Amino acid sequence: MYFLYNLIVISASAILKALALTNTKLSLFVNGRRETISLINQKISTEDKVIWIHAASLGEYEQGLPVIEKLKDQHPSHKILLTFFSPSGYEVKKDSKVADCICYLPMDTKSKVNSFLTAAHPDIAIFIKYEIWPNYLLELKKNDIPTFLISALFKENQIYFKWYGGFMRKAMTRFTHIFVQNEKSKKLLSSFGNLTNVTIAGDTRFDRVSEILERNNELDFMKLFKNEQYCYVAGSTWPEDEKVIIDYINQNNQPIKFVIAPHTIKNSHIQEITGAISKKVMRYTEMDNATLKDYDVLIIDTIGILTKIYSYADVAYVGGGFATGLHNTLEPAVFGIPVIIGPQFEEFAEAEELVALGGVISVHNYQSFQKISDKCYTSNDYRLKVGNINTTYIQEKAGATNLIVSKLSSVFTSK
């Protein structure tokens with residue numbers, strides 16, 4: 001089976017190299033990996049003690065960040081090596097100061113794995129959520145390097161639980177310890193029989209979003225725009241979401257301030273949005289000398305500030321539920337406000353749980369969107385009740401980071 005797996009990985013690498021000649025994202029994927037060993041050699045010496053953390057992409061990075069920061073604080077004599085599989089993670093975070101060295105993870109072939117581990121020589125390896133690479137896990141085991149999987153989430157339809165998934169199940173057994181998000185994941189792993197090194201720790205994302213409340217979320221332009229009025233923030237929206245939201249804006253006669261932060265911020269798309277809105281609308285990038293309080297709608301045509309904008313919302317809509325996949329509902333929920341989403345939220349555990357509790361409200365069309373949006377505006381009691389559900393939910397879910405880091409500390413004390 002190893003022969004077949006290695007053949008598939010090598011073949012995939014060759015195909016990706018060919019496709020990279022005409023695809024920008026794949027070009028970053030392929031060319032970035034050529035620099036990995038050089039970057040490690042520049043920033044990590046043979047004498048350094050190294051903590052290696054691997055994330056597939058940006059979402060997994062955010063999930064692992066609380067653990068990274070705590071390990072960095074508790075073990076300042078170690079260098080942090082952070083690797084990414086996807087360009088959408090690496091290209092955004094490659095200049096971050098959270099780690100001493102940030103690079104792509106080489107493909108999972110035996111030769112590349114050995115070259116990487118020789119250069120990195122980690123004292124401990126930590127994989128986030130779904131990252132299970134058989135050759136890396138095999139070599140880490142052979143080299144007696146403690147290896148952990150954190151914030152893992154398993155479902156019946158994954159390869160590990162299929163009749164043909166024995167190869168991947170065997171790879172899973174090479175982790176020193178696995179921290180799962182919930183009881184269901186632990187029960188699924190118990191079907192392996194010999195896999196008992198599993199702890200239910202929860203999801204570190206709840207620690208991550210809880211930290212949002214401790215930072216300074218003030219934005220001067222939002223103070224001026226909101227002007228102490230009711231504010232509706234729609235974040236990470238897709239065209240399918242925007243159609244519903246824009247119809248509501250155009251038909252609404254209440255003194256409400258609207259903020260739309262589209263997922264796509266291409267100029268042509270932003271122009272489509274502004275052109276469809278019949279009220280006074282301003283783009284973030286064009287608001288220099290504007291009297292913001294005079295505008296009804298603000299379009300955020302930049303990235304990196306949406307979370308702080310949510311702190312000014314009385315109610316939030318999170319996009320993707322009418323389109324390709326729901327975006328982060330926890331970032332607005334942490335501010336104790338109602339969160340509205342579209343109809344498609346399956347496979348998003350926190351959304352499923354919050355919909356069941358009533359802190360997140362799923363709408364299926366314009367009529368249901370209008371009904372719940374009007375209710376949030378007209379009933380302060382309802383808005384507070386729904387918002388408190390979200391606050392309580394996140395508070396009760398926090399704490400995974402401390403549990404995980406406490407367990408990891410045994411590795412450092414034994415060295």
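Note that this is a predicted model, so its numbers are computed, not measured.
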With rounding to the nearest 0.5 Å, note down the distance linking [atom1] in [X] to [atom2] in [Y].
| X | Y | atom1 | atom2 | value |
| --- | --- | --- | --- | --- |
| Ile40 | His121 | CD1 | NE2 | 9.0 Å |
| Ile102 | Lys97 | CD1 | NZ | 9.0 Å |
| Thr204 | Lys397 | OG1 | NZ | 13.0 Å |
| His263 | Ile303 | NE2 | CD1 | 10.5 Å |

Q. Given Phe29 and Tyr90, is the ring-ring contact (aromatic ring centres under 6.0 Å, His included) satisfied, shown in steps?
A. CA-CA 9 Å; Phe29 181 94; Tyr90 175 74; over 10 Å; no
Could you tell me whether a side-chain N or O of [X] sits under 3.5 Å from a main-chain N or O of [Y], the two making a donor and an acceptor?
| X | Y | answer |
| --- | --- | --- |
| Arg33 | Leu105 | yes |
| Asn41 | Ile37 | yes |
| Asp296 | Lys257 | no |
| Asn217 | Thr307 | no |

(Q) Suppose we screen for side chain to side chain contact (heavy atoms under 4.5 Å, CB included). Which residues come up paired with Thr196, at least two apart in sequence or across chains? (A) none
Going by an N to O cut-off under 4.0 Å, is there a salt bridge joining [X] and [Y]?
| X | Y | value |
| --- | --- | --- |
| Lys43 | Asp100 | no |
| Glu139 | Lys142 | yes |
| Lys79 | Asp48 | yes |
| Asp247 | Lys243 | yes |
| Lys308 | Glu218 | no |
| Lys155 | Glu347 | yes |
| Glu60 | Lys129 | no |

Q) What pairs with Glu156 under side chain to side chain donor-acceptor pair (under 3.5 Å), at least two apart in sequence or on another chain? A) Lys184
(Q) Set out, in order, the CA-CA distance, both residues' side-chain angles and the distance that settles side-chain hydrogen bond (donor to acceptor under 3.5 Å, both in side chains) for Asp241 and Tyr317, then state yes or no. (A) CA-CA 9 Å; Asp241 305 297; Tyr317 176 91; 2.5 Å; yes
Donor + acceptor pair across side chains of [X], [Y] (<3.5 Å):
| X | Y | answer |
| --- | --- | --- |
| Thr391 | Gln395 | no |
| Ser57 | Ser88 | yes |
| Tyr232 | Ser373 | yes |
| His364 | Gln344 | no |
| Asn388 | Arg383 | no |

(Q) Over 60° means perpendicular and under 30° means parallel, so tell me whether Tyr248 and Phe369 are parallel, tilted or perpendicular. (A) perpendicular
Q) Is the distance between the ring centroids of Phe85 and Trp133 less than 6.0 Å? A) yes
Q) Could you walk me through whether Ser151 and Gln181 pass the side-chain hydrogen bond (donor to acceptor under 3.5 Å, both in side chains) check? A) CA-CA 5 Å; Ser151 286; Gln181 293 187 27; 4.9 Å; no
